[in-house]
Amino acid sequence: MKTPLLIAALFFTGFTFAQEKKSDSVKTQKIEEVVITKQVFKKQSDRFVYDVAASPVAKGNTTFDLLKQTPLLSTTDDKTMKIAGKNNALIYINGRKTNMDAESVTQFLKNTPAENIQKIEVITVPGSEFQVESSDGIINIVLKKKMSNGLNGNMRMSNSQNKFNASNATFSTNYRKDKLGISANLYGGENIEGQEYVLRNGTSLLQNESVGTVDDPNKYIGGYLNFDYQLNDKSNLALSWNSSANKSYGSAVNLLNTLMTFDNKGNLLETKNNKSNNLENARSYNNSVNVNYELKRDSLGSKLNLNAAYLHFRRFQNSDNKTLVQAADGNFSQLRQQVLQDIPQVINNFSTMADYIQKFEKDFTLSVGGNFNQTKTNNDTKNFFYFYDTAGNFDNLRSDLNHFIYDENIYGFFLTAEKKFSDKFSGKLGARYEITKSTGTSEIPNQPMQVFERNYNNILPYLSLNYAINEKNNISYSFSSRMRRPSFWELNPVKNILTENNYTQNNPFVKASSTYNQEMTYMFKNSYFLILNHSLYKDVITQVPLQRNIERDGKTYRQLAYIRTNFGDKQEMSAMLGMQKTFLKKTLTTNFNIGFQHNINNGTLNTDPTTGIIFDTYINKNKSTSLTIQTNNTLSLDKKKTWFLGVNYFYVDQQQIELGMLKNLMSLDISIKKNWNDWTFALNLEDVLRTNIVEIEDYQTNGNYNYVKNDQFNRGGTFSITYNFGNQKVKKVRNIEAASDAIKSRTR
């Protein structure tokens, strides 16, 4: 299996741009010149606003490049964006969540010129009107409004070299004719995601070690098609379709496993080896359609939004997991155990959403709305265990069959009031009421039907206050309460086998967790920041490493299981100080920030909730304080600003997470880019020093030890060519939030 271990690492990112000067000259009654430069980065109500048009970083970049330079944002894998202090960042376009899967969102961001962007809003603590989970933040990209008719688009090709070579191509286009707007995107590519693992666990008397590789080939294709029609001056009707497919055939795990036995004095008594050769074939399909109606009610901005969506997700996975021992010739060719797995998953979702925003005079806004999600999942898992004796002869067969069906209905309602009391003081108050009703049934041959019910009724309050002390100083405070529901694949009681003694186990008993977020922000001159965060997580959903001794063929082995479950509480506190400025007449843009994060974990577990098997007690009541440093630098190499050099660096000190102590990480990235007419040529070198390698180590008071080293071969290079064509003044089609977006985030 290629299922990765869950590894949590939080990274901090930067802040603010300098405020430019303004000047005007008046001669008699004629205005000769008025030059006004906007604030590049500022705090507004519940969000930070980055004015792209006023920033020298935007020219010649893609939207994804621009986001990496935006204060508070960062990426560690060049695929997903993170907001400082948040688990996840959701992408919104013009105030609505993108109706795309994760790969399509990445392609959209990497193939949209930054010149098309008016501003980027970073909402670190979203209000009650946003349907988000846990401590998720929002990145809202506001596109420029260009009214010209015509056609435009771009084509992009890239080639990457890490452990393996990868290629990608994308074609995007936008068309507008009077009241009709059409946008489309098609992308495809292939890669092999290579990883190396070192896994160690055990006690002072008995230790397991697994060393080897995981190579996962992928071929993918996808895209979207959006239609937006203006019915009249006040109303629009939109239809969007998104589709993606991924094929991963021949995913291989090759591990050499060593069992070592020691005496009480630490002397090695015996070494026993075997190999795990696992081969997996998997494919997935994701299709969704969304209909949106928008009605503008008045000139103040009041409007009604109605959405209906349908989502169909399918994933099929078959694997052949072999444990091999040495034959008479010394080669690892003799079967000891073989597990054949068939793990399909089908998800169907129907969703509706309605919200109404009423704007009043004197800067008062009232928002009300609701949503309904109905989801049905079908997971018909089949496992067949073939056991062989010490001579390699077939001994017996054990089957493990489980047909798990999970139905979930979510009803949500929100009310939000926002008021600007003066030029200095504004506030926002709201709440969401969410009702979750879910039922899971587990059908196992020759056993009574198991039924799992989860019903929640939650009131989730929200508060935001913002006070501009004067032109140079601003202070704000936000509080939010959220839920984090388990993903559908986390509920499916599937055992993913890595080695004969090492596996991961999902859990239908997992319940939703609660999160309480607080944030205090101080801004000085729109260039310097101090941000204080505190998040409290109740019933954290995570993987817990449990160990125990097992007997097989008269010999004792050490079993390690990563159990998906609720694991106590957790607190995260952070303080971050940063600045972002331009130097040398806007030739150099520098973002530097430094911060500390304090983690407090409080969890205990000794039982697999799905089977009742008792393991050694695992306790994580540890604390850690970590230093984080990050700097992003963009240097223009010529006067015409067609050549750009980028140098980025981050460092994260070791910190305590659920699996143990995550050791320090750092990465140095270098890029060079050339803009030539409508062409852009770019070369990016990631993790130049090859220091972005994950290591986790844990020592328990009962003597248990666990170690994970995961090298994902982050060091590599990517060369890309982008060509923009057509009328660049074409207005972008409205990007509509689909009613099923909250469900998509819980599929794989």
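Given the structure is predicted, the values throughout are model-derived calculations rather than measurements. Sequence positions, counted from 1, serve as the residue numbers for this chain.
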If every non-hydrogen atom of Tyr503 is compared with every non-hydrogen atom of Ile497, which pair is closest and at what distance? CB-CA, 4.1 Å

Ignoring hydrogens and geometry, is there a side-chain-to-backbone donor-acceptor pair from Asn254 to Gly212 under 3.5 Å? no

Assess the residue pair Thr436 and Asn455 against the criterion (side chain to side chain contact (heavy atoms under 4.5 Å, CB included)); give the C-alpha distance rounded to whole Å, side-chain angles, the decisive distance to 0.1 Å, and a yes or no. CA-CA 5 Å; Thr436 305; Asn455 298 318; over 6 Å; no

How about Ser183 and Tyr224: do any of their side-chain heavy atoms sit closer than 4.5 Å? yes

Distance col, row Thr542:OG1 vs Ile657:CD1, nearest 0.5 angstrom, shows 8.0 Å

Whether the side chain of Asn684 engages the backbone of Gly717 through a donor-acceptor N/O pair (distance < 3.5 Å, no angle test) should be reported. no

Report yes if some heavy atom in the side chain of Leu491 is under 4.5 Å from a heavy atom in the side chain of Asn506; otherwise report no. no

Indicate whether any N or O donor in one side chain lies under 3.5 Å from an N or O acceptor in the other, for Ser276 and Asn257. yes

Heavy atoms of other groups near Lys247 NZ, more than 12 under 6.0 Å: no

Between CD1 on residue Ile405 and CG on residue Asn492, distance to nearest 0.5 Å: 11.0 Å

Counting N and O atoms only, with roles assigned by atom type, does the side chain of Asn165 sit under 3.5 Å from a partner on the main chain of Ser160, one being a donor and the other an acceptor? yes

Side-chain donor-acceptor pair present, Asn159, Ser167, cut-off under 3.5 Å: no

Begin from the C-alpha positions of Leu311 and Asn286 and carry the test side chain to side chain contact (heavy atoms under 4.5 Å, CB included) through to its verdict. CA-CA 8 Å; Leu311 168 68; Asn286 193 327; 3.1 Å; yes

When Asp400, Asn383, Asn318, Asn496 are each screened for side-chain hydrogen bond (donor to acceptor under 3.5 Å, both in side chains) with Gln341, the one that passes is Asn383

Output yes when Glu658 and Lys570 qualify as a salt bridge under the 4.0 Å nitrogen-oxygen rule, no when they do not. yes

Test side chain to side chain contact (heavy atoms under 4.5 Å, CB included) on Thr170 and Asn185; report intermediate values, then the result. CA-CA 7 Å; Thr170 303; Asn185 170 271; 3.4 Å; yes

Considering the options Gln345, His403, Arg315, which one meets the side-chain hydrogen bond (donor to acceptor under 3.5 Å, both in side chains) requirement together with Asn379? Gln345

Check: Gly612 main-chain N/O paired with Asp608 side-chain donor or acceptor under 3.5 Å: no

Judged by modelled atom types alone, do Asn307 and Asn290 share a side-chain donor-acceptor pair under 3.5 Å? yes

Could you check whether any side-chain N or O of Asn218 sits under 3.5 Å from a backbone N or O of Asp216, counting only pairs where one atom can act as donor and the other as acceptor? yes

Whether the Asn501 and Gln559 side chains hold a donor-acceptor pair (N or O, under 3.5 Å, no angle test) is what I'd like checked. no

Checking Asn287 against Ser243: is there a side-chain donor and acceptor pair closer than 3.5 Å? yes

If only atom types and distance count, is the side chain of Asp395 paired as donor or acceptor with the main-chain N or O of Tyr388 below 3.5 Å? no

Correct closest heavy-atom pair for Lys376 and Asp407 would be CG-OD1, 3.4 Å

Can the ring centres of Phe452 and Phe509 be said to be less than 6.0 Å apart? yes

Side chain to side chain, Ser442 and Pro508, heavy atoms closer than 4.5 Å: no

Looking at Asp136 and Arg482, is any side-chain nitrogen of the basic one under 4.0 Å from a carboxylate oxygen of the acidic one? no

Heavy atoms, side chains only, cut-off 4.5 Å: are Phe227 and Trp241 in contact? no

Under a 3.5 Å distance rule, please check whether Asn331 uses its side chain to pair with a backbone N or O of Ser333 as donor and acceptor. no

Do Leu255 and Leu498 have side-chain heavy atoms sitting under 4.5 Å apart? yes

Check the pair Glu453, Lys437 against salt bridge (charged side-chain N to carboxylate O under 4.0 Å, His left out), reporting the backbone distance first and the verdict last. CA-CA 8 Å; Glu453 290 190 359; Lys437 296 183 178 296; over 6 Å; no

Does the pair Glu695/Lys709 count as a salt bridge with the N-to-O cut at 4.0 Å? no

Work out which heavy atom in Gly194 is nearest to a heavy atom in Phe164; give both atom names and the distance. CA-CE1, 4.0 Å

For the CD atom of Glu280 and the CG atom of Asp320, what is their distance to the nearest 0.5 Å? 11.0 Å

Quick check on the 6.0 Å ring-centre criterion: do Tyr310 and Phe350 meet it? no

Can you tell me how far CG of Asn409 sits from CG of Asn373, rounded to the nearest 0.5 angstrom? 9.0 Å

Give a yes-or-no answer on whether the side chains of Thr722 and Asn154 include a donor-acceptor pair shorter than 3.5 Å. no

Please examine the side chains of Val253 and Asn321, heavy atoms only from C-beta on, and report whether any two atoms are closer than 4.5 Å. no

Ignoring hydrogens and angles, state whether a donor on the side chain of Thr323 or Asn274 is under 3.5 Å from an acceptor on the partner side chain. no

Test item: side-chain donor near acceptor, Asn168 and Tyr220, under 3.5 Å: yes

Does any N or O in the side chain of Asn246 come within less than 3.5 Å of the main-chain N or O of Ser284, such that one atom is a donor and the other an acceptor? no

Distance (rounded to the nearest 0.5 Å) between Lys322 NZ and Lys275 NZ: 13.5 Å

Paired with Arg485, the side-chain hydrogen bond (donor to acceptor under 3.5 Å, both in side chains) test is passed by just one of Glu490, Glu408, Glu434, namely Glu434

The criterion is side-chain hydrogen bond (donor to acceptor under 3.5 Å, both in side chains); which residues satisfy it with Gln326, sequence neighbours excluded? none

Using a 3.5 Å distance criterion without hydrogens, assess whether the side chain of Asn281 forms a donor-acceptor pair with backbone atoms of Gly250. yes

If every non-hydrogen atom of Arg715 is compared with every non-hydrogen atom of Asn162, which pair is closest and at what distance? O-ND2, 3.2 Å

Please find the pair of heavy atoms, one from Phe713 and one from Asp711, that lie closest to each other, and give the distance. N-OD1, 2.9 Å

Treating Asn208 as the side-chain partner and Leu259 as the backbone partner, does any N or O pair qualify as donor plus acceptor under 3.5 Å? no

Regarding Thr258 and Asn273, do their side chains bring together a donor and an acceptor under 3.5 Å, going by distance alone? yes

d(Leu199 CG, Ile696 CD1) to nearest 0.5 Å is 10.5 Å

Can you check side chain to side chain donor-acceptor pair (under 3.5 Å) on Gln712 and Asn710, steps first, answer last? CA-CA 6 Å; Gln712 300 182 25; Asn710 179 211; 3.0 Å; yes

Quick one: do Lys382 and Asp380 make a salt bridge, cutoff under 4.0 Å? yes

Specify the closest pair of heavy atoms between Asn201 and Gln547, including all atoms of both residues, with the distance to one decimal. ND2-OE1, 3.1 Å

Should Trp489 and Val494 be marked as a side chain to side chain contact (heavy atoms under 4.5 Å, CB included) after you check the CA-CA gap, both sets of side-chain angles, and the distance that decides it? CA-CA 9 Å; Trp489 63 270; Val494 167; over 6 Å; no

